[in-house]
Amino acid sequence: MKPLYEVYPIHIENSLTGEKEPFSPVQEGRVGMYVCGPTVYSDVHLGNARTFTSFDLIFRYFKHLGYKVRYVRNITDVGHLENDADSGEDKIAKKARLEALEPMEIVQRYTVDFHKVMDQLGALPPSIEPTATGHIVEQIAMTQAILAKGWAYESNGSVYFDVNAYNNDGGDYGVLSGRKMDELQAGSRALDGQDEKRNPADFALWKKASPAHIMRWPSPWGDGFPGWHLECSAMSTKYLGDEFDIHGGGMDLKFPHHECEIAQNKACTNHNGARYWMHANMLTLNGKRMSKSTGNTILPGELFTGTNDLLVKAFHPSVVRFFMMQAHYSSVLDFSNEALLAAEKGHDKLLAAWNTLQQASAKGGQGFDVQAWKDKCYSAMSDNFNSPILIAHLFEAVKFINASEGGLAIAAGDLLKLQQTFKAMIFDILALQGVEDQSAHKDALDKAMDLVIELRAQARTNKDWGTADLIRDQLKDAGIQLKDGPEGTTYSL
RNA sequence: GGUUCCGUGGCCGAGUGGCUAGGCACUGGUCUGCAAAACCAGCUACAGCGGUUCGAGUCCGCUCGGAACCUCCA
């Protein structure tokens, strides 16, 4: 039997070429994917979470189609500078000084927080989660290789990538972001420490550590620490090879971070790193991008508990995920209470339909073309991971499911196919989280609810509307909704 | 100032030149003791102005508005 990825071949919008291209992996049946992870110096905010949720969707879909996927997502725990890649203070070290903690204590705390949030959002852990500090040796070796190539130079204990030398040697700095060298130079500001560089566009591969700098490692150029861009080149090629399939990250990393990565990779491996570069778009708040540095943020934890003045209520992580999945990963998504509330209704409707579908029976007929529907669902996802279209198709099925009473008008085999596909889409791929149907509790609850519903039915028979409505309202407050239908009353959580 | 991108109905958001996106909200109806849920029907669109085309939300140009990047950022 053909693997699903041959039935529904994937097309990916490649940032490197600007085109939507058929996906063809380096190795048949395998996918190597690297995504730039967070810098763990503060709580991950919702915008960060969107990027990783987007790539979780992509990771899950590749796996679902039958690919063996190695998904590498790093933790940046050093080398990410505060103001400027060449002169600023290390973010981790700065935070550590402020809170009087060891740098690794900061790293640990926020790494744990990050993992917790991603778990709540239903994201699978990556296959490998390497840290920058765990790959100092590789980064030094890479710096040496670039020096040997003549595309870097040492200056006052630091090593910089020589962008002009790279370009004069056939390099194409700017290939990803569409920037031209002369524009970059015209637009760059006069920054501290620039005098060490030959060209304002040059970027640090290795930075000399000042005597007070805590995070430091010995190197051929003296004690120092790696530049930010280098870690991703080192770790991606170490675990995925010189040329791998997908490199992802937030749109804001396209320039300069990914541009620098490509230059470094070209120097060391003669490849761009990844064949397909993918960029997840920003989540905006009040029309502006969420950002740690500007304070325009909502934390996932605040969203899940409702503890933020911007929020009217708490939202379940699954609702938040659904909200994100309703927009395409490459589009800017604007956050608002209204949008979350709308998403919550849709989310609940979708999951309610799944509960109905699980218990549905088939009465035969051709009321719904299940195979065509299934094809549309997969085609949407294979078309550059278009989750909004997938969700639109899911709601077509919801309409059919809800409209059917006394059994779905399809053959038994089609019902099974509908159930399997529906389940795969909402749980395996979109990774929504349904109400836990833990059978032991469920049985007990069912019995209790049967009793309550019976009592209320008696009250209604006696036209004791007060009692009947009291039961209904109290249950509603407890999160249980009664539905009076022609065939009796049912309930849902 | 430069690079890239966006501007879709009350709101959020898909739309690869020709065929109903979808969700939420709203209106009417069915059902109901009343609701809720569900279903049926309806309802508002493609920022503006030109151009290409038999035909444009979709391509091109201009204008207006917004965003990201150009400095750490998912």
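Any value given below was found using the heavy atoms of this structure, including those in side chains, with hydrogens, waters and symmetry copies removed. By convention in this document, chain letters (A, B, ...) are assigned in the order of the sequence lines, proteins followed by strands, and residues within each chain are numbered from 1.
You'll find the side chain of A:Tyr329 stays beyond 4.5 Å of the side chain of A:Thr53, heavy atoms only.
Nucleotides B:rU27 and B:rU63 have their C1' atoms positioned 38 Å apart, rounded to a whole Å. B:rA38 sits 39 Å from B:rA74 when the P atoms are compared, rounded to a whole Å. For the P atoms, the distance from B:rG42 to B:rG23 is 14 Å, rounded to whole Å. Nucleotides B:rA37 and B:rC46 have their C1' atoms positioned 34 Å apart, rounded to a whole Å. The gap from the P atom of B:rG13 to that of B:rU20 amounts to 24 Å, rounded to the nearest Å. Rounded to whole Å, the C1' atom of B:rC11 lies 29 Å from the corresponding atom of B:rC69. Straight-line distance between the P atoms of B:rG61 and B:rC24: roughly 39 Å, to the nearest whole Å. B:rG18 and B:rG55 are spaced 6 Å apart, taking the C1' atom of each and rounding to whole Å.
Between A:Asp56 and A:Arg60 there is a salt bridge, since a side-chain N of the basic residue sits under 4.0 Å from a carboxylate O of the acidic one.
Residue-level contact check: A:Leu333 touches the backbone only, with heavy atoms under 4.0 Å from sugar-phosphate atoms and none from bases. If you check every strand for non-hydrogen atoms under 4.0 Å, A:Gly47 touches a base. A:Ser177 comes within 4.0 angstrom of sugar-phosphate atoms only, judged by non-hydrogen atoms across all strands, and of no base. Nucleic acid contact for A:Ala327: sugar-phosphate only, since backbone atoms but no base atoms lie under 4.0 Å from a heavy atom of the residue. Here A:Arg50 lies out of heavy-atom contact (under 4.0 Å) with every strand.
Rounded to an integer number of Å, the gap from A:Tyr173 OH to B:rC70 P is 11 Å. Note: CG (A:Asn281) to P (B:rG7) measures 12 Å, nearest angstrom. Regarding A:Leu253, its CG atom lies at a distance of 15 Å from the P atom of B:rU71, rounded to whole Å. Per the geometry, CG belonging to A:Asp172 stands 17 Å off P belonging to B:rU3, to the nearest Å. Atom CG in A:Leu408 sits about 14 Å away from atom C1' in B:rA38, given to the nearest Å. One interatomic measurement links the two molecules: CG of A:Leu475 to P of B:rA37, which rounds to 16 Å at whole-angstrom precision. Between A:Leu283 atom CG and B:rA68 atom C1' the separation is 13 Å, expressed in whole Å. For the pair A:Lys91 NZ and B:rA74 C1', the interatomic distance rounds to 11 Å; values are reported in whole Å.
For residues 335-344 of chain A, the set of pairs meeting the side chain to side chain donor-acceptor pair (under 3.5 Å) definition, not counting sequence neighbours, comprises A:Lys313-A:Glu344.
By the side-chain contact (heavy atoms from CB on, under 4.5 Å) test, A:Ser158 is found to be paired with A:Tyr160, A:Glu196, A:Lys207, A:Lys208, residues two or more places apart in sequence or in another chain being considered. Not counting sequence neighbours, the partners of A:Ser379 by the side-chain contact (heavy atoms from CB on, under 4.5 Å) test are A:Tyr8. Not counting sequence neighbours, the partners of A:His135 by the side-chain hydrogen bond (donor to acceptor under 3.5 Å, both in side chains) test are A:Tyr239. Shown here are the side-chain contact (heavy atoms from CB on, under 4.5 Å) partners of A:Glu21, two or more places apart in sequence or in another chain: A:Asn14, A:Thr17, A:Glu19, A:Tyr276. Listed by chain and residue number, A:Ala459, A:Asp464, A:Ile471 satisfy the side-chain contact (heavy atoms from CB on, under 4.5 Å) test with A:Thr467 (two or more places apart in sequence, or in another chain). Considering only residues two or more places apart in sequence or on other chains, A:Tyr378 meets the side-chain hydrogen bond (donor to acceptor under 3.5 Å, both in side chains) condition with A:His64.
An OP1 or OP2 oxygen of B:rA38 is reached within less than 4.0 angstrom by no side-chain nitrogen or oxygen of A:Asn402.
Toward the 5' end of RNA chain B, the nearer of the two residues A:Phe400 and A:Trp465, judged by each one's closest nucleotide, is A:Trp465.
Scanning atom types as modelled, one donor and one acceptor separated by under 3.5 angstrom connect the side chain of A:Asp469 and the base of B:rG33. Donor-acceptor pairing under 3.5 Å, judged by distance alone, is present between the side chain of A:Arg472 and the base of B:rC34.
Nearest to the side chain of A:Arg179, among B:rG2, B:rA74, B:rC39, sits B:rG2. Closest to the side chain of A:Arg289, from the set B:rA68, B:rG33, B:rG13, is B:rA68. Among the nucleotides B:rA74, B:rC70, B:rC34, the one closest to the side chain of A:Met290 is B:rA74.
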Can you give one letter per nucleotide of nucleotides 15-25 of chain B, going 5' to 3': B for a protein heavy atom under 4.0 Å from the base, S for sugar-phosphate only, - for none? SB----BSSSS

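No side-chain N or O of A:Ser331 forms a donor-acceptor pair with one of A:Asn281 less than 3.5 Å apart. In the model, A:His328 has a side-chain atom that pairs as donor or acceptor with a side-chain atom of A:Ser330 under 3.5 Å.
Within the cation-pi definition used here (under 6.0 Å to the ring centroid, within 45° of the axis), A:Arg73 qualifies as a partner of A:Phe52.
Stem analysis of RNA chain B (Watson-Crick or G-U pairs, both distances under 3.5 Å, runs of at least three) returns B:1-7 with B:64-70, B:10-12 with B:22-24, B:26-30 with B:38-42, B:47-51 with B:59-63.
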